[in-house]
> 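Sharing a structure with you now.
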Amino acid sequence: MKEEKIAVCITAQTSSQRLIDYGAEIAEQYNSSLHILHVQKGDSIFQNGETLKLLTKLLSYGDRCGGIVHVLCDEDVPKCIAQFAKEEGITKVIMGELPKVEKKHTTKVQKETQFQKIINALPKDIEVIIVKHQQIIQTELKQKIG
């Protein structure tokens with residue numbers, strides 16, 4: 001039986017903490033390794049101080065959850081994620097669904113295209129788990145309410 005390896009793709013957003021939690025649960029369920037992956041477009045993660053602060057907190061949180069933290073920079077984010085998954089022998093990739101935003105139509109289409117490019121770039125034998133935005137919001141509300 002193939003050993004499971006879970007990768008959680010995060011961005012510098014607070015909702016990524018819920019993705020890490022979900023990934024940690026899946027990794028525990030399969031008794032597998034957990035990889036926390038952030039790919040920054042470009043050649044540096046030091047472009048925005050506030051983003052870097054939040055990303056640092058998320059990566060530290062991922063480490064405390066037992067994850068192996070990976071931060072990569074590349075102009076082609078989907079290709080970089082796919083290459084990482086292949087090299088590390090990842091079997092499941094967890095990603096958050098894009099929130100439904102009422103912004104300019106072109107921005108939404110571009111993000112969806114990037115999102116779809118990531119899914120399409122991954123090797124076909126990798127299971128992609130999409131955590132719906134609504135699931136993330138419900139989890140946050142339950143935690144606030146207690």
Side-chain angles (χ1 to χ4, degrees), residues 1-101 103 106-143:
M1 189 167 144
K2 190 174 181 180
E3 177 190 350
E4 296 286 346
K5 288 188 173 184
I6 313 300
V8 178
C9 295
I10 66 166
T11 57
Q13 298 177 14
T14 56
S15 60
S16 288
Q17 184 176 343
R18 303 296 154 245
L19 293 175
I20 293 168
D21 289 341
Y22 187 80
E25 287 177 24
I26 298 293
E28 186 176 324
Q29 177 184 345
Y30 285 97
N31 194 25
S32 63
S33 59
L34 174 64
H35 298 263
I36 311 300
L37 174 64
H38 174 74
V39 179
Q40 178 68 42
K41 186 172 180 145
D43 59 4
S44 173
I45 63 168
F46 301 107
Q47 296 168 356
N48 179 327
E50 286 304 310
T51 300
L52 183 58
K53 249 190 243 184
L54 178 56
L55 188 57
T56 300
K57 287 179 182 180
L58 287 167
L59 295 172
S60 177
Y61 181 75
D63 181 58
R64 288 192 310 274
C65 289
I68 302 165
V69 174
H70 307 268
V71 178
L72 305 171
C73 295
D74 200 302
E75 287 299 324
D76 189 340
V77 174
K79 180 182 168 193
C80 184
I81 292 171
Q83 184 176 347
F84 170 84
K86 190 175 182 179
E87 288 174 2
E88 292 293 327
I90 300 298
T91 58
K92 297 181 187 317
V93 172
I94 298 171
M95 297 172 32
E97 176 186 54
L98 284 175
K100 306 289 187 243
V101 276
K103 289 188 177 179
T106 55
T107 304
K108 184 178 177 185
V109 170
Q110 288 171 346
K111 285 186 178 181
E112 287 175 340
T113 301
Q114 180 80 338
F115 186 75
Q116 196 59 46
K117 282 182 184 178
I118 293 168
I119 293 170
N120 293 337
L122 289 168
K124 300 303 174 208
D125 61 337
I126 293 178
E127 180 183 354
V128 178
I129 301 169
I130 307 297
V131 179
K132 295 194 179 295
H133 187 68
Q134 191 62 29
Q135 288 172 301
I136 293 170
I137 291 171
Q138 288 173 351
T139 301
E140 288 173 351
L141 286 174
K142 285 179 185 174
Q143 289 180 347

> Taking everything shown except Glu28 itself, do over 12 heavy atoms lie less than 6.0 Å from its CD?
no

> If you round to the nearest 0.5 Å, how far is NZ of Lys41 from SG of Cys80?
12.0 Å

> Could you measure the distance from the CE atom of Met95 to the CD1 atom of Ile129? Nearest 0.5 Å is fine.
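Going from CE on Met95 over to CD1 on Ile129, the span is 11.5 Å.
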
> So which atom in Leu58 and which in Ala12 form the shortest heavy-atom distance, rounded to 0.1 Å?
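In this case the closest contact between Leu58 and Ala12 is CD1-CA, 4.2 Å.
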
> Donor-acceptor check, side chain of Ser60 to backbone of Thr56, threshold 3.5 angstrom: yes or no?
no

> What's the separation between atom CD1 in Ile6 and atom CD1 in Ile94, rounded to the nearest 0.5 Å?
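That separation rounds to 6.0 Å.
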
> What distance do Asp63 atom CG and Leu34 atom CG have between them, rounded to the nearest 0.5 Å?
10.5 Å

> Evaluate the criterion side-chain contact (heavy atoms from CB on, under 4.5 Å) for residue pair Ile81 and Cys9; output intermediate values, then yes/no.
CA-CA 8 Å; Ile81 292 171; Cys9 295; 4.1 Å; yes

> Give the intermediate values and the outcome of side-chain contact (heavy atoms from CB on, under 4.5 Å) for residues Thr91 and Glu127.
CA-CA 6 Å; Thr91 58; Glu127 180 183 354; over 6 Å; no

> Run the numbers on Asp74 and Lys79 for side-chain contact (heavy atoms from CB on, under 4.5 Å), then give the verdict.
CA-CA 9 Å; Asp74 200 302; Lys79 180 182 168 193; 5.9 Å; no

> Where do Gly67 and Ile36 come nearest, in terms of heavy atoms and distance?
CA-CG1, 4.2 Å

> Could you list the residues that satisfy salt bridge (Lys or Arg N to Asp or Glu O under 4.0 Å) with Lys5, not counting sequence neighbours?
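Checked Lys5 against salt bridge (Lys or Arg N to Asp or Glu O under 4.0 Å); zero matches.
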
> Show the nearest heavy-atom pair for residues Ile126 and Ala85, with the distance to one decimal.
CD1-CB, 3.5 Å

> What are the two closest non-hydrogen atoms of Ala121 and Ala82, and how far apart are they?
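Result for this residue pair: O-CB, 3.1 Å.
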
> Let's go through Ile10 and Leu55 carefully: what are the C-alpha distance in whole Å and the side-chain angles of both, what is the deciding distance for side-chain contact (heavy atoms from CB on, under 4.5 Å) to 0.1 Å, and is it a yes or a no?
CA-CA 9 Å; Ile10 66 166; Leu55 188 57; 4.2 Å; yes

> Rounded to the nearest 0.5 Å, how far does OG1 of Thr11 lie from CD of Gln40?
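That separation rounds to 10.0 Å.
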
> To the nearest 0.5 Å, how far apart are CD in Glu97 and CG in Leu19?
11.0 Å

> I'd like to know whether CG of Asn31 has more than 12 heavy-atom contacts from other residues, nucleotides or ligands below 6.0 angstrom.
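Open.
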
> Would you check if Val39 and Phe84 make a side-chain contact, meaning some heavy-atom pair closer than 4.5 Å?
no

> Just so I know, are the side chains of Ile130 and Ile119 near enough to count as touching, which here means a heavy-atom distance under 4.5 Å?
yes

> Looking at side-chain heavy atoms only, is the closest gap between Lys92 and Ile26 below 4.5 Å?
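Yes, close enough: below the 4.5 Å cut-off.
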
